[in-house]
Amino acid sequence: MTTLTSGTDTLTRDALAVLQPGFAGTTAPDWLLRRLGEGLASVALFGRNIHTAEQVAALTAQVRAERGDVLVAIDEEGGDVTRLEVRTGSSFPGNHALGAVDDTGLTRAVAAELGRRLAAAGVDFDWAPSADVNADPDNPVIGVRSFGADPALVARHTAAYVTGLQSAGVAACTKHFPGHGDTAVDSHHAVPRIDADLPLLTERDLVPFRAAIAAGTRAIMSAHILAPALDPDRPGTLSPRVLTDLLRGELGYDGLIVTDGIEMRAISGTYGLEHGTVLAIAAGADAICVGGGLCDEDTVGRLRDALVTAVRTGELPEERLADAAERVRALARWTTAARAAGPATAPDEEVGLRAARRALRTTGAPFTPLTEPPYVAQLTPAPNIAVGDETPWGVAAELFGLLPGTETGSFTGPDAGAEVLRAAGPRRIVAVVRDEHRHPWMAAALTTLLAARPDTVVVEMGIPQAPPRGALHLAAHGAARVCGRAAAEVIAGV
């Protein structure tokens, strides 16, 4: 391991320690390795950094050869939001599927196996689970990332997920505090506002976070949301009332607080990247997530310098920055010890598929499974930034494996229904949708298809909020690869 640079002053080392930056490429760039020597204590992996599990293991080994106690973070929720399996789709269903099953033992087992695979790849800090209560079914960014709309259900599964993930030696980061479920705006684009009163926030949104804290979550991620009942002026990430008074004080949380991506427009577009970073640390955050969009050396230098300057000008107390840096290092000590101890459970390679099968809900009977290859029409909405557009989804690939010759196409817009009918010809149609209730064009396309072809099979891979229709309606509660597999098995009668 390279000896840390002795010439870097304590203030600069602390400023680097609170940053959790991303980078480009599938190997660590020289600038990142150099910053690790200067005090950087974390790195973040995104889909662009991942090709295979073996490559990730080599990458993390390269990073740890420079600094053995570095935190390697990833945004791996399983389900729709996967980085480890960004090119294939996840081997694990997401939270909404696990909530639909409502077996906390299963949720714990899924999280433990996910954690085991992350640990095997050298990742020890996961920005998951989402503890958001999906109170608004039209939520554009949470949706199937939530266990559900019932606070008690979300709380028990959040606790189970935290316990399972950390049993594998991977630190859980419960998000997005104080709760992103009742929002109609994506904080990647603007500042969402939640106008619920304090009793409702307490009885709904905060319940899962209390459960996560009781379960020992090692980290909590802040949300860039404005909740006037908590702070009428600043979003949670920048609010001392939310992070220090509520999370630290009232809820008694003593672990690491990390921000959601600081370059998201809710912060960078309102307060600026550097000023937002300073305000977040001053408010009580301990680590700054950056790199989902900005992943270059200049960004790290700018944020480091902003923190150092803020301390020297008196805008940020030096002891606050030192406390934040020490919390990062404390988590690194925990993950280092956990990594040495190894996972607490044996591998369970099939737990994700078993969970996806149990989550599947079917409507429409009797149904005769298909024996001839169908035409799979994927009615594709615009992806949100958290999910991204790199990861394949749907049932076509899985159906092709079961019914060779299956054809597929992607459709969107007001003429989608007619376009599907032309493309499908005489083949049986399997229409795959994602949040039909949120997209009028999608609902209209289904109406067109079912009027012309009432034997159409419908697979809903988002929130099953719209009434089920079709000769067979399958609600997969998510768009992970294993959710597609479970649906394909029913369609093909496997």
Side-chain angles (χ1 to χ4, degrees), residues 5 7-22 35 38-42 44 71 176-178 187 190-191 219-228 230-250 253-294 296-331:
T5 305
T8 309
D9 65 272
T10 299
L11 178 57
T12 300
R13 298 187 67 79
D14 285 349
L16 282 169
V18 303
L19 303 179
Q20 295 190 338
R35 296 301 182 206
E38 296 171 357
L40 187 68
S42 309
L71 281 171
H176 307 80
F177 187 83
S187 51
V191 181
I220 287 177
M221 177 177 281
S222 67
H224 308 327
I225 59 173
L226 183 68
L230 300 176
D231 187 331
D233 301 316
R234 288 187 176 178
T237 292
L238 309 184
S239 170
R241 296 187 189 182
V242 172
L243 299 187
T244 300
D245 298 345
L246 176 58
L247 183 52
R248 293 273 188 231
E250 184 178 331
Y253 176 65
D254 195 40
L256 186 80
I257 300 174
V258 60
T259 71
D260 206 346
I262 204 71
E263 70 267 51
M264 293 163 63
R265 297 300 296 168
I267 301 299
S268 66
T270 307
Y271 296 87
L273 192 69
E274 292 94 333
H275 189 48
T277 293
V278 171
L279 290 176
I281 298 295
D286 306 305
I288 304 295
C289 167
V290 63
L294 299 173
D296 56 282
E297 181 178 12
D298 180 63
T299 297
V300 173
R302 288 165 56 197
L303 298 189
R304 174 204 59 197
D305 293 347
L307 290 166
V308 169
T309 299
V311 169
R312 289 176 175 166
T313 60
E315 182 182 3
L316 175 65
E318 186 171 4
E319 59 270 21
R320 171 76 274 272
L321 180 62
D323 172 66
E326 175 52 31
R327 288 181 189 276
V328 174
R329 296 177 188 128
L331 181 60

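Computed over heavy atoms, backbone and side chain alike; hydrogens, waters and symmetry mates excluded.
Closest heavy-atom contact between Y271 and P235: OH-CD, 3.3 Å. In plain terms, the two heavy atoms of V191 and H224 that are nearest each other are CG1-O, 4.0 Å. Nearest heavy atoms, S42 versus L40: O-CG, 3.5 Å. The two residues A280 and I288 have their closest heavy-atom pair at CB-CD1, 3.9 Å. Across V18 and A324, no two heavy atoms sit closer than the pair CG1-CB, 3.8 Å. In terms of heavy atoms, I220 sits closest to Y253 at N-OH, 3.4 Å.
Legend: residues meeting side chain to side chain donor-acceptor pair (under 3.5 Å) with R329, ordered by chain and number and at least two apart, are D14. The salt bridge (charged side-chain N to carboxylate O under 4.0 Å, His left out) check on E318 picks up nothing, with sequence neighbours excluded. Every residue meeting the side chain to side chain contact (heavy atoms under 4.5 Å, CB included) condition with A282, not counting sequence neighbours, appears here in chain and number order: L316. Under the side chain to side chain contact (heavy atoms under 4.5 Å, CB included) criterion, S239 pairs with D231, R234, R241, V242, not counting sequence neighbours.
Pairs passing the salt bridge (Lys or Arg N to Asp or Glu O under 4.0 Å) check and including a residue from residues 273-294, sequence neighbours excluded, read R248-D286, E274-R302, D286-R320, D286-R327.
The closest side-chain heavy-atom distance from P21 to T299 is not below 4.5 Å. The shortest side-chain heavy-atom distance between T259 and L238 does not fall under the 4.5 Å cut-off.
No side-chain donor-acceptor contact under 3.5 Å links E250 to the backbone of D245. The backbone N or O of S268 lies less than 3.5 Å from no partner atom in the side chain of E263, so there is not a single donor-acceptor pair. Under a 3.5 Å cut-off, the side chain of S222 and the backbone N or O of F177 do not form any donor-acceptor pair.
Atoms CG and OG1, from L226 and T237 in turn, are 11.5 Å apart once rounded to the nearest 0.5 Å. To the nearest 0.5 Å, atom CE of residue M264 and atom CD1 of residue I262 are 9.5 Å apart. Considering OG1 of T12 and CD of E38, their distance stands at 9.0 Å, rounded to 0.5 Å. Taken to the nearest 0.5 Å, the CG atom of L247 stands 4.5 Å off from the CD1 atom of I257. Separating the CD1 atom in I267 from the CG atom in D260 is a distance of 9.0 Å, to the nearest 0.5 Å.
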List the atom pairs, with distances to 0.1 Å, where a side-chain N or O of residues 303-315 and a protein N or O form a donor-acceptor pair under 3.5 Å, not counting sequence neighbours.
| residue | atom | partner | partner atom | Å |
| --- | --- | --- | --- | --- |
| T309 | OG1 | D305 | O | 2.8 |
| T313 | OG1 | T309 | O | 3.0 |
| T313 | OG1 | A310 | O | 3.3 |

